[in-house]
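Notes follow the structure.
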Protein chains: 2
Amino acid sequence: MSESTRIRVFSVDDHPLLREGIAAIVNSQADMELTVQAATGREALQLYRQHLPDVTLLDLRLPDMTGIDVLIAIRNEFPDARVIMFTTFEGDVEIQRAMEAGARGYVLKNMPPRELVELIRQAHSGRKRVPAEVAAKLAEHLGEERLTQREVDVLRHLAGGNRNRDIAERLFISEETVKVHVKHVMEKLGASDRTQAVVIALRRGIIQL
Amino acid sequence: MSESTRIRVFSVDDHPLLREGIAAIVNSQADMELTVQAATGREALQLYRQHLPDVTLLDLRLPDMTGIDVLIAIRNEFPDARVIMFTTFEGDVEIQRAMEAGARGYVLKNMPPRELVELIRQAHSGRKRVPAEVAAKLAEHLGEERLTQREVDVLRHLAGGNRNRDIAERLFISEETVKVHVKHVMEKLGASDRTQAVVIALRRGIIQL
DNA sequence: GGCCCACTACCACTTTTGAGGTATCCAGCA
DNA sequence: TGCTGGATACCTCAAAAGTGGTAGTGGGCC
C-alpha cells in the first residue's frame, strides 16, 4: 500500500500518554498513520485546517472547550469531516448530541485497540457505526422526552443547592414557575425528588460536575 | 546500565490504549522497563505476586474493584510495595485515602510523560511525592472534619433519591436519627441542602456515580 | 474512673418541596 | 387559521426537609 493511500489520523486528547498509545497502535497498522495531535480544542481547530486529516479521534472533555463544540466547529467548516468521538464518558445525552452533530462514531476509551482501528477504517470509508455497548446506552432512553433549555438551566441551579426561591431570583421568574420546571425535570428523568434528578442528570451527561 | 538494575514497572489499568502509551514511554527510558500489565484488580493481585515489580502504576477505577482496595491488598501482603496511583479523578478524599493506604504517589493521567517517569524514579528510590496540583487539592480541605461511616451510608441513600423515612427503614433506625445524620453531612460538606451535599460528595470523591 | 465520640432517639417548630389544577402569552407550524 | 409546545404565573394543600435543643448508650482512650 503506497504512502498516499494511508488513512491520515488526527488525535485530539489532553492525555499525552493516551495519545502515545493511540500513536503506537495506529502507526502499527499498514494502512494508517497518526499524522498530527492536539491537546486542546483551539489547537484542534487550527491543526485540522492545516492538515485536513482523513479521520479525527476527538475527546469529549478538553481543557478549553467541550468535544461537542469542537466537533460542531469542525463540521461547520468541513461538512465532510470524519470525526470519531473517543471518550471515557457514556451519558446517553452526550452520545446523542455527538451523533446529531455529525460524529461518525462514538468509542469508549477502554475499547480494545483492534476494534478501534477497525472503527477508524469504517469511519474513513464513510460508514457511521457505534459499538453495541454504546448503542445500548442510546437505546435506553429512546422514546423519552428530552429536557428543554430552560429546564436544564433550572437543573444546574438545583445542583448548586439553590432553593426554588433563589433560582427564581436568578432567572428573573416567579418561584411558582421554577416549581413547574422542577416538576417537569423530575417527571422526564423519572426522579422522585430534586436530588435524584441531579444524580440522574449527571449520570446521563445532561449536566457536568 | 545493566539489565538487572532496571526499574521493573507494573501497569494496572483497564484502558488498553493507555497501557500502550505507558509501555511506550517507560520502555523508552534506559533505566526502566514495563514488565507486566493487568486490566483488573484480581489480575493485578495475581500478577503482583508472580512478578514482584519495583513500581506499580495503579488506576483508581477498575472493573472489578477499586484501586484503593487493590492497593490495600497489595500492601497487606507486601508492605514495601511501591505503588503510584494513576487516575483521572481528583477528589481530595480519594487522594487522601490512597496516601493513607501507603501509596508512594498520586498522579493524574494528563500528566506529561517526562514527569511521570521522574515520579517513577522517585517512588522507586523510596520518596513519597505528589505533584503540586494534587497536593493543592488535598490541602483544600485539610482541617475539616471527615464524614463517619454512617454518614456516608446515609449520603449514598440520599443520592438514590430516598426520603428520610425510607432511609430510616433501610438502615433500621428512626427517621429522626436520619435527620441528624443528614444535618451533620450538610454541615461538614458546607452544603445548603441535601442535593448540594450529594453534588459536593461526588466532586470530592466521597461517593461515586 | 472519667472523657470524648459516634450513634441513637424524641420533641417542637418553620421553611421548603412537591402534587394538584387552571390559565395566559407567544412563536412556529400545518 | 387553528393547533401545539414552551414559558410564564397563581392557587391550594399535604408531605417532607431542615433547625434547634436535650439526652441515653456503648466503645475506646488517657
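All chains are named by letter (A, B, ...) in the order of the sequence lines, taking the proteins before the strands, and each is independently numbered beginning at 1. Both backbone and side-chain heavy atoms feed into the values below; hydrogens, waters and symmetry mates do not. Nothing here was measured: the structure is a model prediction, and the numbers come from that model.
- Checked against side-chain hydrogen bond (donor to acceptor under 3.5 Å, both in side chains), B/Asp14 has no partners two or more places apart in sequence or in another chain.
- In this structure B/Arg42 satisfies the side-chain hydrogen bond (donor to acceptor under 3.5 Å, both in side chains) test with no other residue, sequence neighbours excluded.
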Protein N or O to nucleotides 6-12 of chain C N or O, pairs below 3.5 Å:
unit_1	atom_1	unit_2	atom_2	d
C/dC7	OP1	B/Thr148	OG1	3.3
C/dC7	OP1	B/Arg150	N	3.2
C/dC7	OP2	B/Thr148	OG1	2.5
C/dT8	OP1	B/Arg150	NE	3.1
C/dT8	OP1	B/Arg150	NH2	2.7
C/dT8	OP2	B/Arg150	NE	3.2
C/dT8	OP2	B/His181	NE2	2.6
C/dA9	OP2	B/Ser174	N	2.5
C/dA9	OP2	B/Thr177	OG1	3.1
C/dC11	N4	B/Glu176	OE1	3.2

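- Between B/Asn162 atom CG and C/dG18 atom P the separation is 14 Å, expressed in whole Å.
- Along DNA chain D, read 5' to 3', the first and last nucleotides having any atom under 4.0 Å from a heavy atom of chain A are D/dG6 to D/dC11.
- Each side-chain hydrogen bond (donor to acceptor under 3.5 Å, both in side chains) pair with one or both residues in residues 59-70 of chain A, not counting sequence neighbours, appears once here: A/Asp59-A/Lys109, A/Arg61-A/Glu94, A/Thr66-A/Asp69.
- Each of B/Val12, B/Ile120, B/Asp13 was evaluated against B/Leu57; a single residue qualifies, B/Ile120, per the side-chain contact (heavy atoms from CB on, under 4.5 Å) test.
- In this view, A/Glu133 and A/Leu108 satisfy the side chain to side chain contact (heavy atoms under 4.5 Å, CB included) rule, not counting sequence neighbours.
- Contacts with DNA chain C (heavy atom under 4.0 Å) in residues 192-209 of chain B: none are found.
- Listed by chain and number, the residues in a ring pair (Phe, Tyr, Trp, His ring centres under 6.0 Å) with A/Phe78 are A/Tyr48 (sequence neighbours excluded).
- For the pair A/Lys137 and A/Asp92, the salt-bridge criterion is not met [side-chain N within less than 4.0 Å of a carboxylate O].
- Between the side chain of B/Arg75 and the main chain of B/Ala103, no donor-acceptor pair closer than 3.5 Å is present.
- Classification of A/Asp193 and B/Arg163 as a salt-bridged pair fails, no side-chain N sitting under 4.0 Å from a carboxylate O.
- Distance, A/Arg165 CZ to C/dT15 C1': 8 Å, rounded to whole Å.
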Listed pairs, N/O of protein and of nucleotides 28-30 of chain C, under 3.5 Å:
none

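- Salt bridge annotation for A/Arg6-A/Asp31: absent, with no cationic side-chain nitrogen under 4.0 angstrom from a carboxylate oxygen.
- By the side chain to side chain contact (heavy atoms under 4.5 Å, CB included) test, A/Ala159 pairs with A/Val198, A/Ile207, B/Val199, sequence neighbours left out.
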Below 3.5 Å, can you tabulate the donor-acceptor pairs from side chains in residues 145-156 of chain A to any protein atom, sequence neighbours excluded?
unit_1	atom_1	unit_2	atom_2	d
A/Arg146	NH2	A/Glu100	OE2	2.8
A/Thr148	OG1	A/Glu151	N	3.2
A/Thr148	OG1	A/Glu151	OE1	3.4
A/Gln149	NE2	A/Asp153	OD1	3.0
A/Arg150	NH2	A/Leu171	O	3.2
A/Glu151	OE1	A/Thr148	N	2.9
A/Glu151	OE1	A/Lys188	NZ	2.8
A/Glu151	OE2	A/Lys188	NZ	3.4

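- Sequence neighbours left out, not one pair with a member in residues 116-144 of chain B passes ring-ring contact (aromatic ring centres under 6.0 Å, His included).
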